[in-house]
Q: 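Here it is, the structure, as structure tokens.
Being a predicted model, the structure only gives us computed values, none of them experimental.
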Amino acid sequence: MSFFVELWESVFTPGTTPALIKATHASFIMLIISLLSLIYLTRSIHFINLLVIALMLYGSVIWFINELNQAKLKDNSALEKEDGSVEIEGAKNETDEKPVEAKSTGAFKDMSKPIPVKKRKA
């Protein structure tokens with residue numbers, strides 16, 4: 001398969017794929033090269049600041065990719081098998097005597113009343 005086909009298919013694949021990681025590294029390297037050339041040509045402090053930001057972002061992306069590779073990710077079926085039982089949302093807990101009603105405060109205190117419309121003089 002072509003690299004671009006693999007890259008396009010990685011968009012629809014959960015997690016990181018080798019094509020996506022290669023594209024990430026290539027785009028950051030090209031960004032750093034272009035910023036270095038702009039620093040050389042213009043001697044502007046703004047491009048130096050952008051280079052520092054780009055290097056910090058690249059470092060954090062590399063760290064995140066390494067953390068994803070170290071973590072053993074599980075799909076939903078594996079998590080359900082490990083958990084044993086699935087807890088249903090809104091199930092009544094035995095310790096709850098009665099449900100607690102939400103109290104609204106501030107500007108959204110009483111939304112049941114219509115807001116009066118003020119008429120302006122022309």
Side-chain angles (χ1 to χ4, degrees):
M1 258 205 270
S2 166
F3 173 74
F4 294 107
V5 173
E6 289 179 23
L7 184 62
W8 178 253
E9 289 178 357
S10 72
V11 172
F12 305 107
T13 306
T16 58
T17 60
L20 184 64
I21 293 173
K22 287 177 188 175
T24 303
H25 289 301
S27 62
F28 271 109
I29 289 171
M30 291 187 327
L31 173 66
I32 290 169
I33 289 171
S34 65
L35 286 173
L36 286 172
S37 64
L38 286 170
I39 289 170
Y40 177 75
L41 293 174
T42 63
R43 310 259 194 259
S44 175
I45 188 74
H46 299 97
F47 291 120
I48 295 172
N49 292 337
L50 287 173
L51 178 66
V52 169
I53 292 170
L55 287 172
M56 290 171 45
L57 180 63
Y58 187 38
S60 63
V61 167
I62 290 173
W63 171 80
F64 185 73
I65 289 172
N66 288 334
E67 287 295 319
L68 279 180
N69 289 336
Q70 290 177 1
K72 294 181 180 177
L73 301 178
K74 300 176 184 174
D75 60 352
N76 288 339
S77 61
L79 289 173
E80 286 176 2
K81 288 178 185 176
E82 179 182 295
D83 206 17
S85 65
V86 179
E87 194 171 309
I88 300 171
E89 270 189 47
K92 187 172 182 177
N93 192 353
E94 294 176 8
T95 60
D96 293 339
E97 293 177 7
K98 64 177 187 175
V100 178
E101 294 182 17
K103 296 180 181 178
S104 61
T105 59
F108 301 105
K109 192 171 187 176
D110 191 10
M111 295 296 291
S112 62
K113 295 180 185 176
I115 300 172
V117 178
K118 294 182 181 178
K119 294 183 179 179
R120 295 185 180 186
K121 295 180 183 178

Q: Rounded to the nearest 0.5 Å, what's the gap from CG on Leu51 to CG on Leu31? Could you check?
A: 8.0 Å

Q: Going by side chain to side chain contact (heavy atoms under 4.5 Å, CB included), Ile48 matches just one of Ile39, Thr42, Ile53. Which one?
A: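 Testing Ile48 for a side chain to side chain contact (heavy atoms under 4.5 Å, CB included) against Ile39, Thr42, Ile53 leaves exactly one candidate, Ile39.
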
Q: Rounded to the nearest 0.5 Å, how far does CH2 of Trp63 lie from CG of Leu68?
A: 9.0 Å

Q: If you take all heavy atoms of Ala54 and Leu35, which pair is closest and at what distance?
A: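 That would be CB-CD1, 4.0 Å.
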
Q: With sequence neighbours excluded, give me every side chain to side chain donor-acceptor pair (under 3.5 Å) pair touching residues 24-34.
A: His25-Tyr58

Q: Given side chain to side chain contact (heavy atoms under 4.5 Å, CB included), test Leu41 with Phe47 step by step and report yes or no.
A: CA-CA 10 Å; Leu41 293 174; Phe47 291 120; over 6 Å; no

Q: Between CD of Glu67 and OG of Ser60, what distance do you get to the nearest 0.5 Å?
A: 12.0 Å

Q: For the residue pair Thr16 and Asn69, establish whether any side-chain heavy-atom pair is separated by less than 4.5 Å.
A: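 A side-chain contact exists here, since the closest heavy-atom pair is under 4.5 Å.
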
Q: Would Ile45 and Leu36 show up in the same hydrophobic cluster when neighbours are defined by side-chain heavy atoms closer than 4.5 Å?
A: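 Yes: a chain of side-chain contacts under 4.5 Å links Ile45 to Leu36.
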
Q: Out of curiosity, does Leu50 fall in the hydrophobic cluster containing Ile32 (side-chain heavy atoms, cut-off under 4.5 Å, transitive links)?
A: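 They do share one cluster, since a chain of ILVMFWY contacts under 4.5 Å joins Ile32 to Leu50.
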
Q: Please determine whether residues Leu55 and Ile29 belong to a single hydrophobic cluster, defined as Ile, Leu, Val, Met, Phe, Trp and Tyr linked transitively by side-chain heavy-atom distances below 4.5 Å.
A: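 In one cluster: yes.
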
Q: Only one of Leu57, Ile33, Ile62 clears side chain to side chain contact (heavy atoms under 4.5 Å, CB included) with Phe28; which?
A: Leu57

Q: Establish whether Met56 and Leu38 are linked, either directly or via other cluster members, by ILVMFWY side-chain heavy-atom contacts under 4.5 Å.
A: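 They do not share one cluster, since no chain of ILVMFWY contacts under 4.5 Å joins Met56 to Leu38.
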
